[in-house]
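Notes follow once the structure below has been shown.
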Amino acid sequence: MVILSPLFSLENLYRAYRQCRRSKRSTHNALAFESDLEGNWIQLHQKLLNRSYQPGSSMAVLLEKPKRREIFAADFRDRIMHHILVAELAPKWERRFIADSYACRKGKGTHRGVKRLQQFTRQVTENQSRTSRYLQLDVRGFFISINRHFLFERLAARVHDAEILWLLRLFIFYDPVQDCQFRSATKEEFLQLPARKTLFKAEPDCGLPIGNLTSQFFANVYLDALDQFVKHKLKVRHYVRYCDDFVLLSQSREELIGWYFAIHAFLNNRLRLQLNGKSRLQPIGNGIDFLGYIVRPWYLLVRRRVATALHERLSQASAQLVRQGLTTDTNGRKVYPYPWDLLTRIRAWLTSYHGHFHYALGAQPWQNQLARHIWLAEYFQTDQGKPSYRRLSGPRHVQSVFQQRKWFRKLLPDHVLMTPFGSCWEMTCCSAQQTAWSLWCNRRMSGSTLQTISLRLWQSGVPVAWIGETGIPVATIRERVVMKRWEMASPLFLERVS
């Protein structure tokens, strides 16, 4: 019987499971694992004990934006093992990694990488008093070209635990193309990708799947050899790398050219990688296109492609809202639906893009984008420059339907509220409207009566909010949210009605 390493103890497995499910708990694989959490947990432990564990089939996904590429999403059980492996190896390798490698590392990231590059532009130009240049390089088909044998040898040289070596060999030499499941695309569509963009055309013993935590960590380990060569052999002072995209700066054009040929030879001979044809050698004053920004010594600009991507997403969201009832009648009166699932996704987009824009000189471009989609003002409001929900829903702490209705009356004081009670609807008016609608106020109605009063409300031009139940329990009652809202008709329409 094999003695199990503490690395694979039940406590460690559960800790890795808790990390793995962050932001992934609602996915199909995570829910399937949690449906029998204890059983799956024990089963995984037993397979590790007798070394019968094997990675499961991956989900192959074809992404179209920002450029066409494939993603292999590992099974939830395998992602738990990814977390265990990386948590064990990362601290040891972090001590070796250079400070200016910013991809997939704790305390690093895109924004810090961009800021570091901007700092380097000021240093090398001596606050723009000296003409300097940058050399930007990129590896062609990096993840598809990684040699697995070289990667394993590099990792194994620093590992002395047999259990970790076994797990490393298992994941590095696992081929996700075998028995993978296809989602939203067929195998033929994957085969249409260029050879440097898909694992289906990778050379033998080459390629890592994009999308796994281990692949991101392994990429840093693989290119650490390049980092050490650039810093210690070439003695490059101003060097920043994010995954396979890296920038070198110097006051001498000839020095940059020399570095280019040295790096080209090193990648070919030592790492079996090649540079792509998009290398740039330009003055720093032209701006450096890096990680979604145009980097200049004293300011950052957002790439035009990023702004275009935001506009396209919001245009698609607008079309979905129109299909779900967003309309404007001939008098300019708007009807706003509230599809909460879609609005949740839009909010996530806005929050992400807002952070990207406002990290640079993006206040005006951001406002320009919002101005092109005026419907956003109905659903979102700005809180200290940051988009937040204008969530028209009842509070989570109420204990009765009366308190819920009081909340909505305070939230929408000038609206007629239509609230469901079983199969009926109750109409509630503010004090200014009660005289006109006294016959119908606080009266429950259904069927033809509801149709009649709905038509009269529309013809009168008053603002109306239709409240709906989500089925989610809140204290002793169910959650209610605004499902649709009619805004007030135009003054000309109201004048004609009166």
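Atoms considered below: every heavy atom in the structure, side chains included; atoms not considered: hydrogens, waters and symmetry mates.
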#### Entry: Exceeds 12 heavy-atom contacts within 6.0 angstrom, atom CZ of Arg196
yes

### Query
Between Phe246 and Val139, does a side-chain contact (heavy atoms from CB on, under 4.5 Å) hold up when you go through it step by step?
CA-CA 9 Å; Phe246 46 101; Val139 178; 4.1 Å; yes

### Message
Please determine whether the number of non-hydrogen atoms from other residues, nucleotides or ligands lying under 6.0 Å from atom CZ of Arg280 exceeds 12.
### Response
yes

### Near-ring test His415/Phe408, centroid separation under 6.0 angstrom
no

#### Entry: Electrostatic pair Glu94:Lys106 at N-O distance under 4.0 angstrom
no

### Task
First locate atom NZ of Lys410, then atom NZ of Lys406, and finally report the distance between them rounded to the nearest 0.5 Å.
8.5 Å

### Query
According to the interplanar angle, ranging from 0 to 90°, do the rings of Phe76 and Phe33 count as parallel (below 30°), tilted (30 to 60°) or perpendicular (above 60°)?
tilted

### Task
Compute the ring centroids of His45 and Phe8, then answer whether they are less than 6.0 Å apart.
no

### Query
Is there side-chain contact between Lys197 and Ile144, with at least one heavy-atom pair below 4.5 Å?
no

### Task
Ignoring hydrogens and angles, tell me if any N or O in the side chain of Ser454 forms a donor-acceptor pair with the backbone of Leu450 under 3.5 Å.
yes

### Query
Is Glu64 salt-bridged to Arg69, cutoff N-O under 4.0 Å?
no

#### Entry: Beyond-backbone contact of Lys484 with Tyr338, side-chain heavy atoms, under 4.5 angstrom
no

### Task
Check the angle between the aromatic planes of Trp41 and Tyr14 and answer parallel, tilted or perpendicular using the 30° and 60° thresholds.
tilted

### Task
Sort out for me which residue in His111, Arg303, Lys115 forms a side chain to side chain donor-acceptor pair (under 3.5 Å) with Tyr293.
His111

### Query
Which class fits the ring pair His373 and Trp375: parallel under 30°, tilted 30 to 60°, perpendicular over 60°?
perpendicular

### Task
List the steps and the verdict of side-chain contact (heavy atoms from CB on, under 4.5 Å) for Gln136 and Asp245.
CA-CA 7 Å; Gln136 187 169 18; Asp245 188 2; 3.4 Å; yes

### Query
Is Glu70 close to Ile210 at the side-chain level, that is, under 4.5 Å between some pair of heavy atoms?
no

### Message
If you count every heavy atom of other residues, nucleotides or ligands that lies below 6.0 Å from Ile374 atom CD1, does the total exceed 12?
### Response
no

### Task
Indicate yes or no for a side-chain donor-acceptor contact from Gln181 to the backbone of Ala60 under 3.5 Å, with no hydrogens or angles considered.
no

### Message
Under a 4.0 Å threshold between the charged nitrogen and the carboxylate oxygen, would Arg68 count as salt-bridged to Glu189?
### Response
yes

### Query
Do the charged groups of Arg241 and Asp100 touch, with an N to O distance under 4.0 Å?
no

## Note on the structure
Only residue of His311, Glu312, Arg305 satisfying side chain to side chain contact (heavy atoms under 4.5 Å, CB included) with Thr308 is Glu312

### Task
With Arg116 as the cation and Phe290 as the aromatic partner, state whether NZ or CZ is under 6.0 Å from the six-membered ring centre and within 45° of the axis.
no

### Query
Yes or no on side-chain contact (heavy atoms from CB on, under 4.5 Å) for Leu300 and Leu361, after CA distance, side-chain angles and deciding distance?
CA-CA 6 Å; Leu300 303 175; Leu361 295 179; over 6 Å; no

### Query
Judged by atom type as modelled, is there a donor-acceptor pair below 3.5 Å linking the side chain of Arg345 to the main-chain atoms of Ala348?
no

### Query
Is the number of heavy atoms from other residues, nucleotides or ligands under 6.0 Å of Arg456 CZ greater than 12?
no

#### Entry: Result of checking Ile288, Leu291, Val240 against Val114 for side chain to side chain contact (heavy atoms under 4.5 Å, CB included)
Leu291

### Query
Among Phe72, Phe218, Phe142, which one satisfies side chain to side chain contact (heavy atoms under 4.5 Å, CB included) with Leu208?
Phe218

### Note, Asp75 side chain near Pro55 side chain (heavy atom, < 4.5 Å)
no

#### Entry: Thr449 (side chain) donor-acceptor with Met445 (main chain) under 3.5 angstrom
no

### Query
Glu487 and Arg333: salt bridge (Lys or Arg N to Asp or Glu O under 4.0 Å), yes or no, with the steps?
CA-CA 6 Å; Glu487 68 176 17; Arg333 189 184 191 188; over 6 Å; no

### Query
Is Leu417 close to Val464 at the side-chain level, that is, under 4.5 Å between some pair of heavy atoms?
no

### Query
Heavy atoms, side chains only, cut-off 4.5 Å: are Leu13 and Met81 in contact?
yes

### Aromatic ring pairing His354/Trp366, orientation class (parallel under 30°, perpendicular over 60°, tilted between)
perpendicular

### Task
Mind telling me whether Phe200 and Phe182 have parallel, tilted or perpendicular rings, with 30° and 60° as the class edges?
parallel

### Query
Does any non-hydrogen side-chain atom of Tyr134 lie less than 4.5 Å from one of Gln282?
yes

### Query
Within 45° of the ring axis of Trp466 and under 6.0 Å from its six-membered ring centre, is that where the NZ or CZ of Arg485 lies?
no

### Query
Where does the angle between the aromatic ring planes of Tyr336 and Tyr379 fall among parallel (under 30°), tilted (30 to 60°) and perpendicular (over 60°)?
perpendicular

### Task
Check for a donor-acceptor pair, side chain of Gln216 on one end and backbone N or O of Ala103 on the other, with a separation under 3.5 Å.
no

